[in-house]
**Student:** 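Before we start, here is the structure in question, set down as structure tokens.
None of these values were measured; they are calculated from a predicted model. By convention here, the first residue in the shown sequence is residue 1. Heavy-atom basis, side chains included; hydrogens, waters and symmetry copies ignored.
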Amino acid sequence: QRGELNAAAVHVMLEKVRMTPLQFQVHFMTAEAAMRVWAVANPAEREMLRAAINSKISASKTVTPKAKAEMRATLNGTAAPAAP
């Protein structure tokens, strides 16, 4: 069987080729898993991942609106510090 690529498939492939290995892995994670990566990422990795994780949070159908707001606050550095 001969497969043919359409314009949409080519676009997706080119998008994924431009990703770093870390971005590629995060792309396939849930929002919750991506936030666990965020927690251990260094500043350069966080800058690279911020937009992708934010999109992942927005698209999540399993994360509650309150949890989404908390995740976004963490991404933006506006989350309240954890209690001791």
Side-chain angles (χ1 to χ4, degrees):
Q1 177 178 334
R2 183 173 158 226
E4 293 186 27
L5 295 175
N6 60 30
V10 170
H11 176 74
V12 169
M13 286 174 45
L14 290 175
E15 202 172 89
K16 288 190 169 84
V17 167
R18 292 184 187 117
M19 292 180 181
T20 67
L22 180 59
Q23 289 171 316
F24 188 80
Q25 291 295 316
V26 167
H27 176 78
F28 292 101
M29 294 178 181
T30 63
E32 297 89 346
M35 288 303 295
R36 288 193 295 274
V37 171
W38 178 267
V40 297
N42 66 40
E45 292 167 335
R46 285 182 173 194
E47 189 59 36
M48 178 180 38
L49 294 173
R50 182 176 277 111
I53 295 177
N54 201 10
S55 294
K56 189 166 283 296
I57 292 167
S58 295
S60 176
K61 295 181 184 349
T62 59
V63 177
T64 66
K66 181 181 179 196
K68 285 182 179 186
E70 291 168 355
M71 288 176 174
R72 284 194 186 98
T74 299
L75 285 178
N76 295 322
T78 59

**Student:** Would you say the side chain of Leu75 lies within less than 4.5 Å of the side chain of Ile53, judging by non-hydrogen atoms?
**Tutor:** yes
**Student:** Taking all non-hydrogen atoms of both residues, which atom of Gln23 and which atom of Arg18 are closest, and how far apart?
**Tutor:**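 Here Gln23 and Arg18 meet closest at OE1-O, 4.3 Å.
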**Student:** Could you tell me which non-hydrogen atom of Leu49 sits nearest to which non-hydrogen atom of Leu22, and how far apart they are?
**Tutor:** CD1-CD2, 3.7 Å
**Student:** Nearest 0.5 angstrom please: Glu32 CD to Thr62 OG1, how far?
**Tutor:**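 OG1 of Thr62 is found 4.5 Å from CD of Glu32.
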**Student:** How many angstroms lie between atom CD of Glu70 and atom CD1 of Ile57, to the nearest 0.5 angstrom?
**Tutor:**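 Atom-to-atom, Glu70:CD and Ile57:CD1 are 11.0 Å apart.
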**Student:** Which pair of heavy atoms, one from Met48 and one from Thr20, lies closest together, and at what distance?
**Tutor:** SD-OG1, 3.3 Å
**Student:** Quick one: are Val26 and Met19 in side-chain contact, heavy atoms under 4.5 Å?
**Tutor:**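 Not touching, per the 4.5 Å side-chain cut-off.
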**Student:** Give the minimum heavy-atom separation between Val63 and Ala31, together with the two atoms involved.
**Tutor:** CG2-CB, 4.1 Å
**Student:** If you take all heavy atoms of Lys56 and Ala34, which pair is closest and at what distance?
**Tutor:** CD-CB, 3.9 Å
**Student:** Does some side-chain heavy atom of Trp38 sit less than 4.5 Å from a side-chain heavy atom of Glu45?
**Tutor:**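 Contact flag for Glu45/Trp38 side chains = no.
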**Student:** So which atom in Ser58 and which in Arg72 form the shortest heavy-atom distance, rounded to 0.1 Å?
**Tutor:** OG-NH2, 2.7 Å
